[in-house]
Amino acid sequence: MKTTGSHPSATFHAPVDAAAAAFAVLDRRGTVIAWSPTAEEYLGYHAHEVLGRSAEVLRDSDASVPGAFLKDVTGTRALRRRDGGSLRAVVQARPLTFPDDRAAWLVMFVPAERLERQATDQAMLRGLFRQSPIALTVFDADGRVTWVNDAVQSEFGLPPEAWIGRYVRDVMPQGELLSPTGHGTLEDLIRQVHRTGEPLVDLRYRSPVPTGAGRTRVWSASYFRLEDDQGNALGVCESAFAVTDRYEALQRLALLSRASRIGTGLDAVRTAEELAEVAVPDFADEVTVELTATVFAHEEDDIPAEPLREAARRAVPGYDASMSHATPHPPWRITLALSTEGGELGRTTFVRAPTRGPFTDEDRSLASELVTHAAVCVDNARRYARERAAALTLQRELLPQRLIVPTGVEVAHHYAPAGGPRGVGGDWFDVIPLSGARVGLVVGDVPGHGLRAAATMGRLRTTVRALAALDLPPDEVLSRLDDLVTQARIGIHPVPGDGPEDAASGATCLYAVYDPTSRNCVMASAGHLTPVRVTPEGTAAPLELPVGPPLGTGGLPHEYAEYELAPGSTLAMFTDGLVATEYDDLAAGVTELGRILARREAAPPDVCRRVADRFLHRPGHDDATLLVVRVDGLPDSQMASWPIPPEPAQVATARELTTHRLAEWGLGEVGFAAELVVSELVTNAIRYGGPPVNLRLLWDRQRKLICEVTDGGHTSPHLRRADLDDEGGRGLFLVAQLTDRWGTRSSRQGKTIWAEIPLGEQPL
């Protein structure tokens, strides 16, 4: 549609459609002297049938008296059709004057039905232009405005001249299409409708109103192509009406539905960020979330001085709060407290630019819903963080603070608590010095997470250490531990009314004892993964170890297995959290661990770091524990062993052998104490034990001398305090005074009484 100087739809007249009117020319006598094709179409008479004949032939039989048709034919008349029917038509006659003073009549007629329809159409157009509440805009093929109705002026406050010949973006540069049309800009959309003829219905368009103090509104707009009678495109019409309130109500509902995105994890800062992400840009142009210092403090005495800390800030692209304050209309603002029954946790500030309009009561209600939900999530995160910190502290306090370096082995360890919402678990490890320079190696896993799992881990670790101190073999240690866990509480038989099942039920444990003097390792497993052994040549493979049931679940015996470890061999003991892949494929994880361990150039601490870098990068992994042990052995030069005939006279021989060997070792300073200890232990073995009797001296790098006397008896001696008039009973008392530790361990062949004598600060 093209325009000239004024608005093309300022007034409306009766339509003049020359193509729709039929024409006939009559001379002064009423004879038809011209006949148009349209007249032929309406009445059916061909030109040769009416030319030269009186116009009376067109008069219907019910028409007025003869002659009236010529003298006054203006108005609605009934005309005769060639087929005998009649046509109700609007007829208008106009006189014609020729230069030769001849007179004639121009008669035009149009079917009355067609004129009435056109009149209705014209009335409708007039109503759409002047009275319709729907804003109508017509665009040309390029997207420029060519016509607008009065509703556009009422809606936007701009006269037609402000629109005609311009793009919408020229008038409303901040406007944007909200509906996912995939057509780019509004002009792109109009061009597509003009090209394809496919209408687009109910699209959302948002823009500040030019004359409404920048107030943003939303319209529902539909687009269809305008065509002439031949189907040629004339332009594209847009019909639009405001749906701001309805759109904002739907947005509020959608925003509430998206509130589930807040608090997806047990992290207070992430929760604050999620609140800001949900609210911007649909609800606010800027959101700031501040949290109190108590949210970040894991303990009450950790609370810093500053009361509030900004946890999250989010704004729409290009939004500048400082610039908003400089405008004549300040930004709109809501500040709400983040609080629960436990107290205030922070505050949230929602800000809208002046163009968005103020927050309504419904908006305030929605903001309160969002903040309340976020407050609960922040409180949960705070509680979780404190419980996790407490559990982690307890876990680390219950784990070994410093590993004693045993004789003949190198030890390194790594422990990583579970990440994510699972919390600290119950993994543990231990290295326990035993008699005879042996060492106990323990790795275990308590099911569950949190404080209860950490406390249960501490109970089990303490119990294992107590059982290991009895010098029990690994299978017996696990069997006794299993008996204790089977009860409702460790060491207490269940009675009616007791609480739930012991949290240790289902725990797993791997216990091994390594003897550096024989390079022999004995181990047993209660439902735990078998360790990986790496030979000195670099071949890595899991040990073939019989695995018994987890603690407290089976009641079946736990079997043991013995292995001879060559010097330079490595044992890796671990929990399932270390090797579990994202698909929980433990076998694949163990295989990967073996490949890392097979690199023999690294020391155990380096191996631990390498394994941690490879396995512990996954978020939310379970507790993971790794204990790496590289064995060597006690050199033969630091060991001495003699069989002692079970005769009292051989006690002196045992003392002489001891004195001679200590002199070779350069340990003469402890010769007196060692002679007394050896004399008493050999005497007890001969007097109260049984053959065979054997004396062994061990000099380990822990700067102690170990004296061991083994016999075939199974009766253990007991320390007692002798009375003044007793002739005996003072031997073990003297042993206890001269040594750091002493004790007895049983074996399947008999027993061994041992004592450890400190060597002082002299170098080895």
Side-chain angles (χ1 to χ4, degrees), residues 402-411 431-439 469 471 514-519 632-645 647-687 689 693-711 717-722 728-745 751-764:
R402 182 178 61 87
L403 290 181
I404 297 176
V405 181
T407 298
V409 298
E410 292 181 75
V411 178
V431 177
I432 307 171
L434 301 175
S435 65
R438 297 171 306 137
V439 59
D471 271 320
Y514 174 68
D515 187 347
T517 64
S518 63
R519 298 183 179 89
D632 188 2
L634 195 64
D636 293 340
S637 60
Q638 294 178 222
M639 296 186 292
S641 179
W642 305 276
I644 304 296
E647 300 173 1
Q650 296 298 319
V651 175
T653 302
R655 288 197 298 266
E656 292 177 2
L657 293 172
T658 300
T659 301
H660 179 71
R661 181 51 56 96
L662 292 181
E664 292 181 357
W665 287 347
L667 300 178
E669 75 276 3
V670 296
F672 177 74
E675 287 182 25
L676 287 178
V677 170
V678 168
S679 177
E680 180 59 33
L681 296 184
V682 171
T683 300
N684 278 340
I686 295 174
R687 181 178 298 179
V693 177
N694 189 80
L695 170 63
R696 187 171 72 163
L697 301 179
L698 303 175
W699 176 33
D700 77 349
R701 64 182 181 184
Q702 296 299 319
R703 305 198 56 76
K704 61 179 178 290
L705 177 68
I706 302 173
C707 303
E708 295 183 342
V709 176
T710 302
D711 65 77
H718 297 282
L719 177 67
R720 67 183 182 89
R721 186 178 296 276
R730 296 178 177 84
L732 289 180
F733 179 77
L734 290 176
V735 170
Q737 299 303 310
L738 294 173
T739 61
D740 275 349
R741 297 194 307 158
W742 74 276
T744 304
R745 67 175 180 269
K751 70 176 183 296
T752 298
I753 306 175
W754 56 271
E756 296 179 356
I757 302 174
L759 299 180
E761 300 299 328
Q762 293 83 2
L764 294 180

Taking the side chain as every heavy atom from C-beta outward, state whether Leu738 and Phe672 have any atom pair closer than 4.5 Å.
no
Trp665 side chain to Ser637 main-chain N or O, any donor-acceptor pair under 3.5 Å?
yes
Does one side chain, of Arg696 or Thr517, offer a donor that lies under 3.5 Å from an acceptor on the other?
yes
Smallest heavy-atom separation, Arg655 atom then Ser679 atom, equals NH1-OG, 3.1 Å
What's the shortest heavy-atom distance between Gly408 and Pro516, and which atoms?
CA-CB, 4.2 Å
With the side chain counted from C-beta on, respond yes when Leu662 and Leu705 share a heavy-atom pair under 4.5 Å apart, and no when they do not.
yes
State the CD-CD distance between Glu680 and Glu675, to the nearest 0.5 angstrom.
14.0 Å
Tell me, yes or no, whether the heavy-atom count around Asp740 atom CG, taken from other residues, nucleotides or ligands under 6.0 Å, exceeds 12.
yes
Roughly how far, to the nearest 0.5 Å, is the OG1 atom of Thr752 from the CG atom of Asp471?
9.0 Å
Testing Leu667, Ile706, Val677 one by one against Ile757 for a side chain to side chain contact (heavy atoms under 4.5 Å, CB included), which residue passes?
Val677
For Arg661 and Ala640, which heavy atoms make the closest approach, and how far apart are they?
NH1-CB, 3.1 Å
What one should report as the nearest heavy-atom pair of Gly689 and Asp711 is CA-OD1, 3.5 Å
Is Trp699 close to Lys704 at the side-chain level, that is, under 4.5 Å between some pair of heavy atoms?
no
Applying side-chain contact (heavy atoms from CB on, under 4.5 Å) to Ile644 and Thr653, what does each step give before you reach the verdict?
CA-CA 8 Å; Ile644 304 296; Thr653 302; 5.6 Å; no
Side chains of Glu664 and His660: is there a donor and an acceptor less than 3.5 Å apart?
yes
To the nearest 0.5 angstrom, please state how far the CG atom of Leu695 sits from the CG atom of Leu681.
8.5 Å
Measuring from atom CH2 of Trp742 to atom OG of Ser435, what distance do you get when rounded to the nearest 0.5 angstrom?
12.0 Å
CZ (Arg741) with more than 12 external heavy atoms under 6.0 Å:
yes
In terms of heavy-atom contacts, Ala685 and Val693 come closest through CB-CG1, 4.1 Å
Point-to-point distance, once rounded to the nearest 0.5 Å, from OG1 of Thr407 to CG of Asp632:
11.0 Å
Report yes if some heavy atom in the side chain of Cys707 is under 4.5 Å from a heavy atom in the side chain of Leu697; otherwise report no.
yes
Mind checking whether Leu698 and Met639 have side chains closer than 4.5 Å, heavy atoms only?
yes
Where Val682 and Ala654 come nearest, the two heavy atoms and their spacing
CG2-CB, 4.0 Å
